[in-house]
Amino acid sequence: MSDPRTLAALVDELLTVQEQMEPLKAREADLKARIRDAAEPGENAAGTHTVTLAPSRRLDLTAIAKAYPATEHPELYALTPDTKKVRANLAPAAVDGFMKESGEPRVTIK
């Protein structure tokens, strides 16, 4: 078991870092907005840097579903379990049996 004083010091430092990050994230968002306003679409010279302004794009799944219905194009679709429906219809013990750990443990500080 770890020393509670060491853990407290780590928690204090983490909270300080998180507090310092908030204004930096806000400044980052502001700078990116200003760069988007100042740059033209495509590549832009910026001193020794190149700024590329490109649209954020993602598939419009609703439009695809209308243009290519699952009944006519099943090759475009995947049948997968719905997390909300699984939790709503299975007993908590059954759901727990399918849980697996992924990645690093979550850190929550209250």
Side-chain angles (χ1 to χ4, degrees):
M1 181 140 200
S2 63
D3 179 359
R5 291 172 294 176
T6 302
L7 186 57
L10 291 170
V11 167
D12 288 342
E13 184 177 356
L14 175 61
L15 293 172
T16 299
V17 167
Q18 288 174 332
E19 192 175 283
Q20 293 170 347
M21 287 172 55
E22 286 181 31
L24 290 174
K25 287 180 180 180
R27 181 65 177 149
E28 177 188 32
D30 177 59
L31 289 169
K32 284 183 176 181
R34 292 175 63 190
I35 289 169
R36 281 191 289 273
D37 289 344
E40 298 292 329
E43 291 189 356
N44 298 262
T48 59
H49 305 283
T50 300
V51 174
T52 302
L53 192 60
S56 295
R57 300 178 61 199
R58 63 180 62 160
L59 287 173
D60 181 346
L61 297 179
T62 303
I64 289 174
K66 287 180 183 175
Y68 299 93
T71 53
E72 296 174 27
H73 299 277
E75 71 279 5
L76 300 178
Y77 294 84
L79 181 61
T80 60
D82 181 308
T83 303
K84 289 180 182 176
K85 290 179 181 179
V86 167
R87 290 181 186 275
N89 291 285
L90 296 181
V95 172
D96 195 51
F98 290 101
M99 298 300 286
K100 68 177 184 176
E101 292 185 16
S102 64
E104 295 292 321
R106 262 185 292 188
V107 175
T108 304
I109 300 169
K110 296 181 182 181

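What's counted below: heavy atoms across the whole structure, side chains too, no hydrogens, waters or symmetry copies.
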Residue pairs fulfilling ring-ring contact (aromatic ring centres under 6.0 Å, His included) with at least one residue in residues 88-110, sequence neighbours excluded: none
Side-chain heavy-atom pair L15, Q18 within 4.5 angstrom cut-off: yes
With R106 via salt bridge (Lys or Arg N to Asp or Glu O under 4.0 Å) - residues at least two apart: none
Partners meeting side chain to side chain contact (heavy atoms under 4.5 Å, CB included) with T48 (sequence neighbours left out): none
Straight-line distance of T50 OG1 to N44 CG, nearest 0.5 Å: 8.5 Å
CG on L10 to CG on D3, rounded to 0.5 Å: 10.0 Å
Hydrophobic cluster of L31, others only, ordered by chain and residue number, side-chain cut-off 4.5 Å: none
Heavy-atom pair with the smallest gap, counting every atom of P81 and V86: CB-CG2, 4.1 Å
Sequence neighbours excluded - salt bridge (charged side-chain N to carboxylate O under 4.0 Å, His left out) pairs with any residue from residues 21-31: R27-D30, E28-K32
ring-ring contact (aromatic ring centres under 6.0 Å, His included) pairs, two or more places apart, involving residues 10-42: none
K85: side chain to side chain contact (heavy atoms under 4.5 Å, CB included) partners, not counting sequence neighbours: D82, N89
Contacts of type side chain to side chain contact (heavy atoms under 4.5 Å, CB included), residue I35, not counting sequence neighbours: V51
Residue list, salt bridge (Lys or Arg N to Asp or Glu O under 4.0 Å) with R57, at least two apart or on another chain: none
Name the atoms and distances for all side-chain donor-acceptor pairs under 3.5 Å in residues 69-77, with sequence neighbours left out.
{"unit_1": "H73", "atom_1": "ND1", "unit_2": "E75", "atom_2": "OE2", "d": "3.4"}
{"unit_1": "Y77", "atom_1": "OH", "unit_2": "Y68", "atom_2": "O", "d": "2.5"}

Where E40 and L53 come nearest, the two heavy atoms and their spacing: O-CB, 3.5 Å
Other cluster members, V17 - Ile/Leu/Val/Met/Phe/Trp/Tyr, side-chain contacts below 4.5 Å: M21
Sequence-distant partners of R58, side chain to side chain contact (heavy atoms under 4.5 Å, CB included), two or more places apart: none
